[in-house]
Each structure stands twice: as C-alpha cells, then as structure tokens.
Amino acid sequence: MKHTTQEFPVSPTIARMQSSSTIAAMQAATKMRAEGIDVVDFGAGEPDFDTPAHIKHAAIEAMRNGETKYTPTAGTKAFVKAITDYYKREFDVSIDATEVMGTAGGKQGIFNAVVALACSGDEVLIAKPYWVSFPEMVTFAGATSAFIETEDNDFQLTAEHVARSITPRTKLLIVNSPSNPSGRVIPIDEFCRIIETCAARGVYVISDECYVRIVYPPAEVFSATTLPAELRDYICVSGSFSKTYAMTGWRIGYTIAPQAWTKAMLKIEQHSTSNPCSIAQAAGIEAFTASQDCVAGMLNEYRKRRDWLIPALNDIPGVRCTMPEGAFYAFPDVRGCLKGELKTSGDFADLLLREAQTVVTDGAGFGAEGFVRISYATSLERLQEGVRRIRDVVERFAS
Ligand code: GLU
C-alpha cells in the first residue's frame, strides 16, 4: 500500500466543527477504569441504572420473532403508534402518525431537524449554557449560532432574552428544558411565551425534551407537543428513550414535528441511516406501553442524590451551585477556586482528574467558562466519595 505523509484534506465544514467534550469526558473515565484506576466518574451523562428487564426481554423476543430487517424510515407502525398513544395517555395530546419519525437516539432527531431547516445565511439561537452538540450541528448545516447569555438570570432562559436576540436572519431557536448542563427547568408559562415570541416572528423551535421525565416537584413536566396547533406548526420536539429508561446504548428516539418538517427529515434519514434499529424499536414500544414504575423509581433516586449533592457542593470553599429542578446534572460555578496557575474551569477539571481521579466536564464546552458539569447519575456512595476528593483537592490547593 502506498504510504503518504500528505495531510488528510478534511472538508472545511467538518474542520470547523469541535469534537464533543461530553464524549471526551466519558472516554477519559473509561480509559482510566481500563487502566485499573479507581476513578470517580461525574462525566458521563447517562443513567447508572441498567435498562429495566421487561424492556430487554421485549428486544430478545423481537429478535426471536425475526424482527431483524429494515423497517419503514419513520419506524414500524407499532412503534409510531406506541409514541402517539403515549402522548395521548401522558399529555392528553393527539399526534398524527405522519408527524412522528423514529431516530437513532435524540441526537439524530435534533441533527436532522437542524439540517432540514437551517442553511448558510441563517442564524440559530442557542441559550448558554447549551448542550455541546447544538452549535456543532448548526455549523454542519452551514448556518451560524447566535448565543443568548442567561447568566444574568441564573441560566434561566426567558421570552425577553429570546425577543432581544431575534434578528431578520433568525431561522430557529433550540430550547432544552430540563437543561443539559444546567438542570434548569423553564416554568410552563415562560416556555409558552418563548414559543409565542418565536412563532410571532416566524422563527421555528426545536424543543429538546430528552430529560422531560426527569423533573423534580414543585417544578412541572411540560412538553411543547401540548401547545395549540398554530404554535405547534413551528415546533419540532425531540424525544428519547435514553435517559428516561436507561437506554443510552440502544440509540432510540423520535421527533414530533409538522408534516412538512418531518418529510424533509425523513429524506435525510433515508439517505443516512435508513431507519432506527428494528430491535431498539421493539424495546421502545415496551418502554412506552408497560408500567412506568421503573421511571418513578429512578426519578426518586436522582432526587435523593440531588438533595444531598447541591448543599455538599455549596459547602466547598469557592464553589457555588444553584439547585437544579431537573435532569441529573449539577452545574457549579468554580470561579471562586481559580487562582495562580488555575486560570480556567478546564484547568480545574484537569486538576481534579490528575489529583483526585475524578472526572467532571469543563463548562467551557457548554459555553460557560468558569463552571463544571457534575453528572449525578451515579450512586450516592460514589457521589460522596467524589465530593470528598474534590473538597480535599480544593482545600489543598487553596492552602
Ligand atoms: N448526552 C450525554 C451528555 O451530555 C451523553 C454524551 C453526549 O451525547 O453528548 O453527557
């Protein structure tokens, strides 16, 4: 084979994209574990629970029954029906089958929704802090991300923020409540005002509802699918089984969007992945149709961990953390710990990795330098161990 030292001529679009810092943090932890290091992993944005047994069983049965072939691009009839029935039952909303498209996880749904709509010359509004993949999808589409600062309101996006940020070039807003990484949940009336503001100016909205079921009372669960039809004309909801049912590795999710938007997304899917995995669809049907007790059980655990973690973080000198209302992330401000050689939250994350074998994700990748993300989708014992290690490093460094 001819050996060449020539640099690979990567496309300019891909060259402009950043690698995923969330995936990098997960891989760093995996590598350390493989080396036999006693790592505390607060990096992985994935449930520590196993997929519930009844869901696995449904997938095994599907394989036994020969459900191992291509399916329609949007998913099997039964999969789409399980989704529309679930939204009827859980949210009392009627969704037409033509508005649903199955995807390989929530990420593919958001990707397809962005790429189907935004292109060169368009601006896409993204509130800080944002999930690391949003701006990269916008870059892939050839459009420009326009970031909304929300630190003035403790990372809570408002309709006023959105109204101030819309320009004649704004095509789309991506909203994510509960938020990864802040865990903030937008109150329902504010959420409605945000969508109304967008619709009134002809701006479309992607509502990433990956964490919709991980909301701690008194915060309320809200899905944009429940909005009136004239607003829904502007909305693509991205849903996922990953977090709700501890199914991250199955890569199964869906979108709910107006027919025309769905049709455009289907074209992308036809020419990229053909259809979501047939076996994962069978598992998804079971997840949505069986008892939801497993979801309540996991939520209860996350809530207990959150209630322990946030005061414990606030107790570390220089660390300040708002109580998140949803998801399974704490997003502490660590600027009070930065001094001397420790200049950025990235330096802080590196220090924790080096000195405490504790993985956190640097906030800079989420558009929030000075913050780190701590995933508490890990046992209370490991949380306690990790916080003890962080406190130890912070105190040692401060002295
Ligand atoms: N969504 C998770 C996270 O934010 C998994 C990694 C990813 O897909 O970004 O950590």
Side-chain angles (χ1 to χ4, degrees), residues 17-33 39-49 51 103-114 126-140 145 155 174-185 206-214 238-255 273 276 280 298 302 305-306 309 324 326-332 345-346 349 352-353 358-368 371-378 382-383 386:
M17 292 172 73
Q18 306 290 325
S19 299
S20 166
S21 58
T22 49
I23 290 183
M26 285 199 287
Q27 288 176 353
T30 306
K31 184 163 172 279
M32 285 168 78
R33 266 193 300 270
V39 58
V40 174
D41 184 8
F42 292 158
E46 74 173 343
D48 52 318
F49 302 106
T51 305
T103 58
K107 195 179 280 186
Q108 189 188 24
I110 304 164
F111 183 93
N112 288 354
V114 171
I126 298 174
K128 286 183 178 182
Y130 45 78
W131 182 40
V132 296
S133 292
F134 293 155
E136 306 313 321
M137 292 172 181
V138 172
T139 300
F140 184 89
S145 296
F155 293 146
I174 307 179
V175 67
N176 173 218
S177 174
S179 155
N180 174 5
S182 74
R184 299 306 314 260
V185 173
I206 295 173
S207 177
D208 173 3
E209 302 187 359
C210 177
Y211 298 92
V212 73
R213 284 294 171 195
I214 309 179
S238 160
S240 171
F241 293 85
S242 293
K243 315 294 188 243
T244 313
Y245 301 98
M247 290 175 67
T248 47
W250 298 73
R251 308 315 301 135
I252 185 78
Y254 54 90
T255 52
T273 56
M298 289 188 261
Y302 292 139
R305 296 168 185 181
R306 177 199 70 152
L309 176 65
F328 40 59
Y329 304 112
F331 200 56
S345 45
L352 295 184
L353 192 65
T358 299
V359 180
V360 301
T361 312
D362 176 17
F366 302 102
F371 291 73
V372 294
R373 189 187 77 173
I374 293 181
S375 165
Y376 55 88
T378 190
R382 292 311 277 170
L383 272 180

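Treat the numbers as computed from the prediction; the structure is a model and nothing was measured. The residues of the chain are indexed from 1 along the displayed sequence. Order of listing sets the numbers, starting from 1, for every ligand and every atom in it.
When each of Tyr329, Phe366, Phe155 is paired with Phe371, the ring pair (Phe, Tyr, Trp, His ring centres under 6.0 Å) condition holds for Phe155 and for no other.
Looking at Asp362 and Ser345, their side chains do bring a donor and an acceptor atom within 3.5 Å of each other.
Residues passing the side-chain contact (heavy atoms from CB on, under 4.5 Å) test with Lys31 are Glu35, sequence neighbours excluded. The ring pair (Phe, Tyr, Trp, His ring centres under 6.0 Å) check on Phe134 picks up Trp131, with sequence neighbours excluded. Scanning for side-chain contact (heavy atoms from CB on, under 4.5 Å) contacts around Ala280 gives Trp250, Ile252, Cys277, with sequence neighbours left out.
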Pairwise, report which nitrogen or oxygen atoms of ligand 1 are under 3.5 angstrom from protein nitrogen or oxygen atoms, and how far apart they are.
{"unit_1": "ligand 1", "atom_1": "1 (N)", "unit_2": "Lys243", "atom_2": "NZ", "d": "3.1"}
{"unit_1": "ligand 1", "atom_1": "4 (O)", "unit_2": "Trp131", "atom_2": "NE1", "d": "3.2"}
{"unit_1": "ligand 1", "atom_1": "4 (O)", "unit_2": "Asn180", "atom_2": "ND2", "d": "2.8"}
{"unit_1": "ligand 1", "atom_1": "4 (O)", "unit_2": "Arg373", "atom_2": "NH1", "d": "2.9"}
{"unit_1": "ligand 1", "atom_1": "8 (O)", "unit_2": "Lys107", "atom_2": "NZ", "d": "2.9"}
{"unit_1": "ligand 1", "atom_1": "9 (O)", "unit_2": "Thr22", "atom_2": "OG1", "d": "2.6"}
{"unit_1": "ligand 1", "atom_1": "9 (O)", "unit_2": "Trp131", "atom_2": "NE1", "d": "3.1"}
{"unit_1": "ligand 1", "atom_1": "10 (O)", "unit_2": "Gly45", "atom_2": "N", "d": "3.3"}
{"unit_1": "ligand 1", "atom_1": "10 (O)", "unit_2": "Arg373", "atom_2": "NH1", "d": "3.4"}
{"unit_1": "ligand 1", "atom_1": "10 (O)", "unit_2": "Arg373", "atom_2": "NH2", "d": "2.8"}

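A donor-acceptor pair under 3.5 Å is formed between the side chain of Thr103 and the backbone N or O of Gly105.
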